[in-house]
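First up is the structure itself, then whatever we jot down about it.
All values below come from the heavy atoms of this structure, side chains included, with hydrogens, waters and symmetry mates left out. Throughout, protein chains are lettered first and strands after them, A, B, ... in sequence-line order, and every chain is numbered starting at 1.
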Protein chains: 2
Amino acid sequence: MNIDKSLLSGSNGMLILKLLEDGDKYGYQMIEELEKRSDHTFDMKAGTLYPLLHALEEKGWITAYDAMAAGRTRRYYQLTKEGKDALREKEESWDRYAKAVRLVLKGGASFG
Amino acid sequence: MNIDKSLLSGSNGMLILKLLEDGDKYGYQMIEELEKRSDHTFDMKAGTLYPLLHALEEKGWITAYDAMAAGRTRRYYQLTKEGKDALREKEESWDRYAKAVRLVLKGGASFG
DNA sequence: CACAATATATCGACCATCTATATATTTGTC
DNA sequence: GACAAATATATAGATGGTCGATATATTGTG
């Protein structure tokens, strides 16, 4: 693929960045919101999310801070400027990819 | 994800099966047609395609036969009944997945 | 008090894909 | 006729994303 392949398998990164557009969130909350917002299609695993959050942090796309809530320390994540830019690019890549898949699935004769 | 994850990263299998719906094809031809039909978005590598074809063959979704064409022996692949069923399932999974991504990207407030 | 739900985290494994490489034939060009 | 480019198939090694399993600690419920 000549389009960002890390998105195609790794669309989870895009989805997490998207969630953070609405405001800071902690890990467990993201799993729940992703499930709700996807109409119960997505069920991201903790074993997927936390390594992903750390990877996004290393890229400088999100930053983390600890805060007390409900008598418990929670680790909140915030979208950075760079994260917003990355999100925009990933959304564009996704649109292109989804459109291309639709073209192939619509299929029939050859194009060109 | 509670939907067929092998599709999400591995949408290539679905796309190949789809191409074969139109008729038998050989490997190199599939790479070219995929590029044309996707409006030059997809550029599948030979190192991706051939292992994939062998995997699809092992699953019984396609069968292979050799034929002469242009003074050269080519290995053609044909979609089986099981392959057609698998394709239908993968298309449904793709629709669900793409719809869920759209929901998240449309985003904004929380859903129920 | 036990148990489920909440909350974060790491590890080992698997699988899809890529790059690089190998090999052979056909077509086009000088 | 020689050579390069395109055609055609194939495998090996590496990378990267995701999962299941596991660990740990707290909060709410019966």
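As rounded to whole Å, 11 Å separates atom C1' of D:dC19 from atom CG of A:Asp43. For A:Leu56 and D:dT18, the CG to P distance is 10 Å, given to the nearest whole Å. What separates CD of B:Gln29 from P of C:dT26 is a distance of 18 Å, to the nearest Å. The distance between atom OH of A:Tyr28 and atom P of C:dA9, rounded to the nearest whole Å, is 15 Å. Across the protein-nucleic acid pair, B:Lys45 atom NZ and D:dA8 atom P stand 18 Å apart, rounded to whole Å. Spacing between atom CD of A:Glu57 and atom P of C:dT10 amounts to 11 Å, rounded to whole angstrom units. Whole-Å rounding puts the A:Met30 CE to C:dT8 P distance at 8 Å. A:Met44 has its CE atom 16 Å from the C1' atom of C:dA9, to the nearest Å.
A donor-acceptor distance shorter than 3.5 angstrom exists from the side chain of B:Ser38 to the backbone of B:Leu34, with no hydrogens or angles considered.
Here A:His54 does not reach the OP1 or OP2 of C:dT8: none of its side-chain N or O atoms lies under 4.0 Å away. OP1 or OP2 of D:dA8 has at least one side-chain nitrogen or oxygen of B:Tyr26 nearer than 4.0 Å. Contact between the side-chain N/O atoms of A:Asn12 and the OP1/OP2 oxygens of D:dT18 is found at a separation under 4.0 Å.
The side chain of A:Glu32 approaches C:dT6 more closely than any other nucleotide in the set C:dT6, D:dT9, C:dA9. For B:Tyr50, the side-chain atoms get nearest to D:dA10 when compared with the rest of D:dA10, C:dA9, C:dT10. Comparing D:dA8, C:dT17, D:dC19 against the side chain of B:Thr48 picks out C:dT17 as the nearest.
Among the protein residues, A:Gly27 comes within range of the sugar-phosphate backbone only, with heavy atoms under 4.0 Å from sugar or phosphate atoms but none that close to a base.
Using a cut-off of 4.0 Å between Lys/Arg side-chain N and Asp/Glu carboxylate O, A:Lys18 and A:Glu21 are scored as salt-bridged. Between A:Arg96 and B:Asp39 no salt bridge is recorded (no basic side-chain N to carboxylate O distance below 4.0 Å). Between B:Lys36 and B:Glu33, no side-chain nitrogen of the basic residue sits less than 4.0 Å from a carboxylate oxygen of the acidic one, so the salt-bridge criterion is not met. A salt bridge does not link B:Asp95 to B:Lys99: none of the charged nitrogens lies less than 4.0 Å from a carboxylate oxygen.
Annotation: of the two residues near DNA chain C, A:Tyr76 and B:Ala46, the 5′-most nearest-nucleotide partner is A:Tyr76.
A heavy-atom distance below 4.5 Å is not found between the side chains of B:Lys84 and B:Leu17.
Contacts between residues 64-74 of chain B and DNA chain D, defined by a heavy-atom separation below 4.0 Å, involve B:Arg72, B:Arg74, listed by number.
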Identify each donor-acceptor pair in which a side-chain atom of residues 71-80 of chain B lies under 3.5 Å from a protein atom, sequence neighbours left out, and give them as a table.
residue: B:Arg74; atom: NH2; partner: B:Tyr26; partner atom: OH; Å: 3.4
residue: B:Arg75; atom: NH1; partner: B:Asp66; partner atom: OD1; Å: 2.8
residue: B:Arg75; atom: NH1; partner: B:Asp66; partner atom: OD2; Å: 3.0
residue: B:Thr80; atom: OG1; partner: B:Gly60; partner atom: O; Å: 2.6
residue: B:Thr80; atom: OG1; partner: B:Trp61; partner atom: O; Å: 3.1
residue: B:Thr80; atom: OG1; partner: B:Glu82; partner atom: N; Å: 3.4
residue: B:Thr80; atom: OG1; partner: B:Glu82; partner atom: OE1; Å: 3.4
residue: B:Thr80; atom: OG1; partner: B:Gly83; partner atom: N; Å: 3.0

